[in-house]
Amino acid sequence: MITRVRLNFPRKLMSTYRRTGVVGPKFENIHQVEAYLSKSFWTIEDLLPRYDITKENIPSEETVKSLLKLSGLPMQNLKDMQLKLANQLSFINTLHNLPVDETIDANHARIMIRHPKPLSFNDIEMATSKEMQKDESLGEVSGSWDTVECSKIHENGFFVVREGLIRNRD
Amino acid sequence: MSIKAALKRLSRLPSAQERFNIFTSISLNVNNELETSSGPLKGLLFGIKDNIVTKDMPTTCGSKILLDYKSPFDATVVDLLKKAGAVAVGKTNLDEFGMGSGGVHSHFGPTFNPLYKDGNFIAGGSSSGSAAAVAADVVDFSLGTDTGGSVRLPAAYTSILGFKPSYGRISRHGVVAYAQSLDTVGIMSKDLNVLQRVFRVLDKYDPKDPTSLNNSLRSEASKHLVHRNTLKIGVPMEMNQDVVPFEIRQALLKVIESLMAAGHEILPVSLPSVKNALPIYYTLAPAEAVSNLARYDGIRYGYRDEKQDIEDGTLFVPTRRNFGSEVQNRIVLGNYNLCSGSFKNNYIKAQKLRVELINQFDDVFRLPNILTGNEGNPNGVDMLLSLASMSLPISVQDYKSKDMRNPLHSYINDIFTMPMSLAGLPTLTIPAGNNMKGIGVQLSGQYGSDQSILNAARTLV
Amino acid sequence: MIGRRAYGTRLAGQKFKLLPEYKLRCGLEIHTQLCTANKLFSASTNSPFAAADKPNYHTSYFDVSLPGTQPLFNHEVLLLATKLSIALNCDVNLNSQFDRKHYFYGDQPLGYQITQHYSPFASNGFLRLRSIFDDIDQDSKIIEIQQLQIEQDTGKSVYKEQDSKSLIDFNRSNVPLIEMVTRPDFTDLKQIRSFLKKYQNLVRHLGVSTGDLETGAMRVDVNISVNDYARVELKNLPNTSSIFNAIKFEYQRHVDIIRNGDAEETLTHSQTRGWNGSSTVKLRSKETTIDYRYMPDPELPRITLAEDFVPGVSQLMPELPDQVLERLMSAPYSLSLKDAKILTINSNSHDQLYTQHQLQQFYLDTFKMYQQQAGESFNHKLPTNWIIHELLGNMNKLEIYLEKVVEILPPEEFSNLLMFIHEGKVSKASAKLLLFHILNSFKESNFKSTSSLDLSSLIKEFELDAIEVVPQEDLRQICQGIIDDLGDDNMIKGIISGKKKNSLKYLVGQGMRLSQGRIKPHLFESTFKDILGVKW
């Protein structure tokens, strides 16, 4: 028997773009819950690429080469990487079209206290004297551990790079 | 826990390891430590996800890049557990550097799901080995890390408890970073009491971790507990997906039914930004990953190419080419998002959208959020209930071929777990459904209300 | 024939001059190592110049970026950064943050540098050059400061050519730096030179840095453009001479390019160039620029400062060098710029027998006492000559630290010495001898003096006291003796006739010598004139 259930959730809330979370009235019985769970208000397919990945919207070989260089990865399988990147971008680029409140402070995205108590002069003096203490368990005591012990190649206590470090940098 | 019980567990290790490929290294010291250890966790055996550093066993992160790496220090969590008397059995397998949701992308090969004795099924990732170690009854509990769902998803797939505490409660000192604004150490076990006891030992401020929740905020959080006997539990509508198989939706329904029978109220809630959780995550996490993996050049530790440190004019390529393909993909994507051309549109935008999501969670919870300063909603819910996964565990073979056909396939698995990661909320995966086939539901609460979640879970296990 | 023009090769052998039709504009980017006790994001020791035989000695797990390590901010850096910001008249950002600047290099353990890109520590400051203090052609020149940011230093690499490899030492990794960027306000080399000296002295004066170019504690990059064409950044300038030689070379190179009409082609895009000792060479152009992909550090909270922080640091600040100079150059001290600078400016932070502060204090204390003792008739030049010239001279000769000098000659005693000179009780020459003697015997006694100094008895002991009243007879005898011993009739004739007036001075000098300066020269002069019957 199909029970027609009236969902208490106001219809209009489901269609307009809303930026707040909302709590609806409680479910009276399990059938309401069942009906609720069987509905989909959006689908995953919405997230999958809407457009076909074609020559026009695939990242160029130049782009991928420069990305590989920045990544310290080898210049190989370029076509493959172009395709993969195109797929990933089509997925995350859905964000581009979303409206967002521009006044939002992007820093608040971190899971840290949003409005910390500002540091007073006293706070900083106290922090400074505490931080003078070296923690041996962090290797902070000079000469307390053999710094080069984990490296495959080292010489007289120095690390080694097999190359004249390129001079065209900072 | 007696030594006898511990030894019984250990006796299962060799065959479990052989069958399910759980560990990347195994401690040679277990028997000794069992004898000599003391403390509130005495006699308990545990597995450590191999992206948490240990002095006496290598830390590989499931990667060729750190194949023989031996850390000169223990992670804080390892230290605390040792001091409490627990004994580490070994380092558990994982998706390389924590990137993956199937548990198949490891230099050591995939870990298989102990629930499925016939055939090779995925255990979920990235804390695949940690989940399998618990599911195979080799250890009493495991440590995992959860960045987008990496503790909760494998816990669901192996039908065990998987707890991801509020971000900042458990120290990340010694946890190899994937995405530092998301990484959280999690605890997996079959026994809620064990899980609770372990959490008590680890839930401490660590001055060595700059993101560790400080003591004054911890005491602030403890003022806000859910005291009532009847809870208001919200079910987010954005997590209803008709692609989810009937069996799994039934599992959730059954849980809701028992909650209602116990007198709790169930309410629909809407969190519109949940739809954006995946794209937000895959914009931010790879970008942070790029940054955190930039240090792997072989010069100071880790694997190093035998002959060269430079290729085609780019430093460190000979060594870094040894990252697995999944990691390489994410690095390239991450760099794309960080490049100056796209930074504002991609990275910054994703951050702002993340803020909106966090605010929306605050809109539906009754408790205030001690970090954001948002006050609670007097008509809000105490907790949220949702599924942990979209499907049952599939075979490793199927997983790999799906991956090949659609590179986004593995990303979508995390859709139910990701929103809580972005908001840093305490979330517990609880096994559900009949026949223990790898279905789990998630119970999550306001930031900081970890204890309330663990208390509420008693009614469900 | 297609050939590259070699610009700027005319430099050698020609005196450098700025040409009025080719306007120079320069800006500076200076990186300064802070002398905090510990490093920027860990409590390992900040000692970047640890002996070469101890590489990778002051390195914590974080400094070599071991997996699982995290940055822990050292708040001492805020105190030093704020002092410098205040002294440079900057606005301190009460809510700054740290960002990651990504690039691969052997000396960059994290694969990124933690710096401040989006929200630096301070901005909108200035440093004023004034011709009364600084060597510039204009009366006053203000150099605007764009920003100050806090960032990590890198490790150090040494290239071994024969083996084609670089050796890396991370002692310097994570040492705190302040990068200061000026606007391109410099229009001539004197301004740049003065600014560098001034900035160097300022950081030393504030105790913020040693400011040494030689050790790399301070590193200077120059931005240069001529006639508003593209900007060229000059790097790898390890000392003052390379800085100025590079600027001159590059200026000339730009002038030549513009003259030859190639500016549209060659000077449209910005470039980075290095100095190889004799010419600038291209390092990087806009096309090959690295994308640093700046990303806010997700682990480090913003630095949020309370309103009272900057005023609190202000209170700890010493008087700024220019203010001190001004004070010393006015009454009652009225020092010359040169002398005032000796008391104020640390031109070489090592190997000094005194700190500017110590010397200044000694000078001021002694001056005050002398002024009190002498009253209305005090001579401001006396303490100056005797401290800045005589005392320092002796200290250098004997290699005695001022700290030690003060033990035997505290300001009260030195003032007493000045009084003896002031009252003519001892001649200048004698006082010089006395001073030397006091210091020397103190040194020889291994800086242990058993009794306090008694100047009067010392003077008597060595018969240094000026002879107040000289019996005429004795004086005539001495003078006659000198004349007789001279054996130079021509000279005598010259003196008498007036043709060799200066030779009288010689005779007087002899007299001074014989009497060990105890008899005033004018007495000798009149006696000689008398004996010889000099009429002029």
Side-chain angles (χ1 to χ4, degrees), chain A residues 9 13 18-27 30 33-34 36-44 47-48 67-75 81 84-85 87-88 91-92 94-96 98 100-101 104 106 108-115 137-139 145 150-153 159 161-163, chain B residues 72-73 167 181 237-238 240-243 249 253 256-257 260 265-272 275 278-279 282-283 299-301 304 309-310 312 314 316-317 320-321 328-329 331-333 335-336 345 348-356 360 363-364 371-373 379-381 407-408 412 424:
Chain A
F9 229 359
L13 283 174
R18 184 175 23 92
R19 289 202 184 104
T20 55
V22 177
V23 180
K26 73 174 183 187
F27 293 110
I30 195 68
V33 180
E34 189 162 8
Y36 175 73
L37 289 181
S38 61
K39 267 181 128 34
S40 238
F41 298 96
W42 66 288
T43 75
I44 307 274
L47 288 174
L48 293 174
L67 288 175
L68 286 170
K69 192 174 169 71
L70 289 176
S71 308
L73 292 174
M75 299 283 165
M81 194 54 92
K84 278 190 188 147
L85 188 58
N87 266 301
Q88 290 168 318
F91 178 56
I92 64 180
T94 51
L95 294 185
H96 282 327
L98 290 176
V100 73
D101 181 357
I104 288 179
H108 291 168
R110 297 194 286 180
I111 316 297
M112 287 181 181
I113 190 161
R114 278 189 187 170
H115 306 287
S137 72
L138 291 173
W145 67 294
C150 300
S151 64
K152 297 274 185 309
I153 304 174
F159 292 99
V161 175
R162 293 163 296 185
E163 174 66 31
Chain B
F73 68 99
Y167 176 89
S181 75
M237 83 183 191
E238 287 80 7
N240 296 338
Q241 288 293 326
D242 56 16
V243 295
R249 279 186 280 132
L253 195 62
I256 292 176
E257 211 166 14
M260 282 176 114
E265 286 178 12
I266 310 294
L267 300 86
V269 304
S270 169
L271 301 159
K275 298 201 297 292
L278 280 181
Y282 281 105
T283 306
I299 304 298
R300 297 165 307 289
Y301 46 80
R304 185 169 189 165
D309 292 322
I310 189 168
D312 290 337
T314 307
F316 311 136
V317 170
R320 289 171 67 85
R321 69 179 337 127
Q328 289 199 25
N329 290 343
I331 290 178
V332 171
L333 175 62
N335 265 326
Y336 183 93
N345 286 334
I348 297 276
K349 182 138 193 202
Q351 283 199 307
K352 292 187 180 184
L353 290 168
R354 183 178 180 181
V355 174
E356 281 194 349
Q360 283 171 17
D363 288 335
V364 305
L371 289 186
T372 63
N379 298 318
V381 299
L408 299 174
I412 295 172

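Here is the naming used below: chain letters follow the sequence lines, and residue numbers restart at 1 for every chain. Computed from heavy atoms alone, side chains included, the values below leave out hydrogens, waters and symmetry copies. This structure is a prediction, so every number in the text was calculated from the model and none was measured.
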| Side chain B:Y282, main chain A:I92, donor-acceptor under 3.5 Å | no
| Option in A:H115, A:H108, A:M75 with maximal non-hydrogen atom pairs under 4.5 Å from chain B | A:H108
| Can you tell if the side chain of B:N329 reaches within under 4.5 Å of the side chain of A:M81, non-hydrogen atoms only? | yes
| remark: dist A:S71:OG -> B:Q328:CD (nearest 0.5 Å) comes out at 8.5 Å
| query | What are the two closest non-hydrogen atoms of A:F27 and B:L267, and how far apart are they? | reply | CE1-C, 3.7 Å
| Are any side-chain N or O atoms of B:Q360 and backbone N or O atoms of A:R19, one a donor and one an acceptor, separated by less than 3.5 Å? | yes
| message | Between A:D101 and B:E356, is there a side-chain heavy-atom distance shorter than 4.5 Å? | response | yes
| Test item: B:R321 side-chain N/O and A:P74 main-chain N/O as donor-acceptor pair under 3.5 Å | no
| request: Start with the C-alpha gap between B:D363 and A:T20, add the side-chain angles, then the distance that decides, and say whether side chain to side chain donor-acceptor pair (under 3.5 Å) holds. | output: CA-CA 7 Å; B:D363 288 335; A:T20 55; 4.7 Å; no
| query | Rounded to the nearest 0.5 Å, what separation is found between the CD1 atom of B:I331 and the CG atom of A:L67? | reply | 11.5 Å
| request: Check whether any side-chain heavy atom of A:I111 sits under 4.5 Å from a side-chain heavy atom of B:L371, and report yes or no. | output: yes
| Of all heavy-atom pairs between B:F73 and A:S137, which one has the smallest distance, and what is that distance? | CB-O, 4.2 Å
| note | On a heavy-atom basis, the closest approach of B:P268 and A:P25 is CD-O, 3.0 Å
| query | Sub-3.5 Å donor-acceptor pair from the side chain of B:D309 to the main-chain atoms of A:R162, do we have one? | reply | yes
| request: Heavy-atom distances under 4.5 Å only: say whether A:M112 touches chain B with side chain, backbone, both or neither. | output: both
| task | Take B:N335 and A:K69, measure what side-chain contact (heavy atoms from CB on, under 4.5 Å) needs, and give me the verdict at the end. | result | CA-CA 10 Å; B:N335 265 326; A:K69 192 174 169 71; over 6 Å; no
| message | So which atom in A:G72 and which in B:T314 form the shortest heavy-atom distance, rounded to 0.1 Å? | response | CA-CG2, 4.2 Å
| request: Quick one: closest heavy-atom pair of B:I299 and A:F159, and the distance? | output: O-CD2, 3.4 Å
| field | Proximal component of B:V364, with respect to chain A [non-hydrogen, under 4.5 Å] | value | both
| remark: Taken to the nearest 0.5 Å, the spacing of B:R300 CZ from A:K152 NZ works out to 13.0 Å
| task | Could you tell me the separation between the CG atom of B:D312 and the CG atom of A:L68, rounded to the nearest 0.5 Å? | result | 11.0 Å
| Inter-residue atom distance A:K26.NZ - B:E265.CD, 0.5 Å rounding | 4.0 Å
| query | Between B:K349 (side chain) and A:L98 (backbone), is there a donor-acceptor pair under 3.5 Å? | reply | yes
| field | A:R114 side chain to B:G373 backbone, donor-acceptor under 3.5 Å | value | no
| request: Return the minimal non-hydrogen interatomic distance between B:L353 and A:L95, and the atom names on each side. | output: CD1-CD2, 3.6 Å
| query | What residue in B:T283, B:L333, B:V243, B:I348 has the most heavy-atom pairs under 4.5 Å with chain A? | reply | B:L333
| query | Measuring from A:L73:CG to B:R320:CZ, what's the distance to the nearest 0.5 Å? | reply | 6.0 Å
| query | Given the options B:T372, B:N379, B:V381, which has more heavy-atom pairs under 4.5 Å with chain A than any of the others? | reply | B:T372
| query | What pairs with B:Y167 under ring pair (Phe, Tyr, Trp, His ring centres under 6.0 Å), at least two apart in sequence or on another chain? | reply | none
| query | What residues form a side-chain contact (heavy atoms from CB on, under 4.5 Å) with A:L37, not counting sequence neighbours? | reply | A:V33, B:V235, B:N240, B:L252, B:L253, B:I256
| Contacting moiety of A:L85, where chain B heavy atoms sit under 4.5 Å | side chain
